[in-house]
S.K.: 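Let me give you the structure first, and then I'll get to my questions.
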Amino acid sequence: MPELPEVESTVRYLQERVVDRTIVSSAVYWARTVATHTPIAFSGSVAGVTIEAVIRRGKFIGLKLRGSSEQYLFVHLRMSGSLDVIAAQSEIATHDRVILELNNGKSIRFNDTRKFGRMYLCDSPEQVVGNLGVEPLSDDFSPELLYAITRGKKTCAKALLLDQRAIAGLGNIYVDESLWKAKIHPLTPVAKLTQSQCVALHAAITSTLEQAIALSGTDFGDGVVQDGMYSPLVYARDDEPCNRCGGSIRKSRVQQRGTHYCPQCQRAPRKSRRA
DNA sequence: CAAACTCCCTGTTAGC
DNA sequence: TGCTAACAGGGAGTTT
């Protein structure tokens with residue numbers, strides 16, 4: 001499940017391999033993967049364009065393209081997507097959805113088992129990433145900003161951190177990890193978070209992401225391990241002892257998402273419902 | 001308007 | 001053991 005750290009790793013991987021390369025042809029094997037175009041229109045539009053740069057915004061990977069005009073090809077890996085650069089003559093893999101052939105004998109393979117991943121070809125970045133919130137690893141993201149974001153909202157901590165319009169790039173795993181580090185219960189109403197809690201949460205988010213990036217992503221035991229592996233402290237560790245207090249980690253559902261936390265370290269808000 | 005729910009997908013796992 | 005049903009989940013779209 002790629003989140004910001006895994007996406008960042010992919011961006012760095014691509015930067016070393018596809019910048020200044022030209023797309024000579026493409027093939028779309030699952031039409032819905034390309035959200036903005038029909039397969040034919042897409043293939044016609046990307047043929048002949050050169051990849052000027054690879055950027056990341058939240059969990060989106062952006063290829064800046066230069067052809068007859070400037071365009072962007074954004075890729076969202078969602079649950080199971082991955083991008084690899086391999087020899088153009090390599091066989092098509094089982095779950096390859098889109099292949100972009102480059103002018104150096106290589107090709108970009110967008111492989112996506114669950115078909116949730118998407119590509120968006122557009123004229124300006126705003127069309128795809130315009131509604132995203134602050135980049136959590138940018139200088140703009142501060143404890144003060146986090147505190148400000150929490151004011152006047154009626155959602156709980158977990159829901160806010162999952163909301164890409166608030167902070168861009170966190171997913172279910174790193175949200176659970178960050179809340180545990182900050183000792184904040186997932187159901188805590190964000191309007192009740194104190195300034196000091198926001199300081200702790202800010203530090204938890206940035207340190208968790210930086211740590212995971214340094215390790216090139218997270219190992220989920222699904223065989224899709226990258227270079228290193230970040231070992232979750234609470235995620236998918238229900239019924240295991242908490243690394244901090246020894247309490248038993250609990251799994252519940254918040255926002256329809258599996259949610260892992262330590263009931264001892266992360267005290268429940270007073271009038272909480274089931275957790 | 002903001003919050004909550006539905007749906008898209010397939011590999012894996014729980015349960016009978 | 002073999003089968004089916006439940007589960008996992010990001011975000012677009014829809015409903016409340």
Side-chain angles (χ1 to χ4, degrees), chain A residues 1-8 10 28-37 56-62 74-83 93-98 110-122 125-133 135-136 148-179 186-192 209 212 217-225 232 234-239 250-261 269 272-275:
Chain A
M1 291 160 249
E3 297 185 24
L4 190 153
E6 293 78 15
V7 174
E8 179 66 25
T10 300
V28 178
Y29 300 100
W30 182 252
R32 297 188 63 165
T33 297
V34 181
T36 53
H37 293 66
R56 181 188 60 75
R57 181 75 174 92
K59 283 179 268 193
F60 286 86
I61 296 158
F74 281 101
V75 182
H76 198 302
L77 303 175
R78 292 281 179 90
M79 304 301 299
S80 58
S82 67
L83 288 171
T94 305
H95 300 113
D96 282 347
R97 307 305 179 194
V98 176
F110 184 35
N111 188 278
D112 181 26
T113 303
R114 296 191 192 178
K115 300 180 177 176
F116 279 11
R118 290 290 180 269
M119 285 184 162
Y120 308 81
L121 183 62
C122 57
E126 296 306 306
Q127 295 169 14
V128 175
V129 298
N131 290 325
L132 292 181
E135 278 293 328
I149 289 173
T150 63
R151 297 306 94 177
K153 294 232 172 34
K154 292 180 179 176
T155 48
C156 63
K158 170 119 185 182
L160 181 75
L161 296 189
L162 283 174
D163 188 345
Q164 302 299 298
R165 296 168 302 181
I167 301 169
L170 297 180
N172 204 37
I173 294 148
Y174 293 112
V175 166
D176 282 2
E177 295 294 294
S178 298
L179 289 173
L187 287 178
T188 307
V190 294
K192 290 193 173 181
L209 292 176
T218 297
D219 170 20
F220 306 109
D222 58 2
V224 190
V225 184
V234 285
Y235 183 81
R237 295 192 52 184
D238 26 317
D239 299 330
R250 185 177 300 174
K251 179 174 184 179
S252 66
R253 294 194 76 80
V254 178
Q255 291 281 111
Q256 318 282 63
R257 307 290 169 79
T259 299
H260 315 75
Y261 66 102
S272 80
R273 305 165 302 239
R274 68 188 178 289

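Values in this document were obtained by computation on a predicted structure and should not be read as measured data. Values below: every heavy atom of this structure, side chains too, minus hydrogens, waters and symmetry copies. Chain naming here is simple, since letters A, B, ... match the order of the sequence lines and numbering starts at 1 in each.
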S.K.: Can you list, in residue-number order, the parts of residues 28-37 of chain A that come under 4.0 Å of DNA chain B, counting heavy atoms only?
M.R.: A/Trp30, A/Arg32

S.K.: What are the two closest non-hydrogen atoms of A/Thr33 and A/Arg97, and how far apart are they?
M.R.: OG1-CB, 3.5 Å

S.K.: Please tell me if A/His95 has a side-chain N or O lying less than 4.0 Å from either OP1 or OP2 of B/dC9.
M.R.: no

S.K.: With no hydrogens and no angle check, is any side-chain donor or acceptor of A/Arg32 less than 3.5 Å from a backbone partner on A/Gly117?
M.R.: no

S.K.: Just by protein heavy atoms under 4.0 Å, how would nucleotides 9-16 of chain C read 5' to 3' in B, S and -?
M.R.: BBB-----

S.K.: For A/Arg237, what residues pass the side chain to side chain donor-acceptor pair (under 3.5 Å) criterion, not counting sequence neighbours?
M.R.: A/Glu240, A/Asn243

S.K.: With A/Asn172 as reference, evaluate A/Glu177, A/Gln255, A/Lys158, A/Arg257 under the side-chain hydrogen bond (donor to acceptor under 3.5 Å, both in side chains) test and give the passing residue.
M.R.: A/Lys158

S.K.: Are A/Lys115 and B/dT10 close enough that a side-chain N or O sits under 4.0 Å from OP1 or OP2?
M.R.: yes

S.K.: Take atom CZ of A/Arg118 and atom P of B/dC7, then tell me their distance rounded to the nearest Å.
M.R.: 16 Å

S.K.: If every non-hydrogen atom of A/Leu179 is compared with every non-hydrogen atom of A/Ala157, which pair is closest and at what distance?
M.R.: CD2-CB, 3.9 Å

S.K.: Taking side chain as C-beta onward, heavy atoms only, is A/Phe60 less than 4.5 Å from A/Leu132?
M.R.: yes

S.K.: Could you check if a side-chain atom of A/Ile173 sits within less than 4.5 angstrom of a side-chain atom of A/Val175, using non-hydrogen atoms only?
M.R.: no

S.K.: How long is the line joining CG of A/Asp163 and P of B/dC5, in whole Å?
M.R.: 15 Å

S.K.: Assess whether a salt bridge exists between A/Lys59 and A/Glu3, defined as any Lys/Arg side-chain N lying under 4.0 Å from an Asp/Glu carboxylate O.
M.R.: no

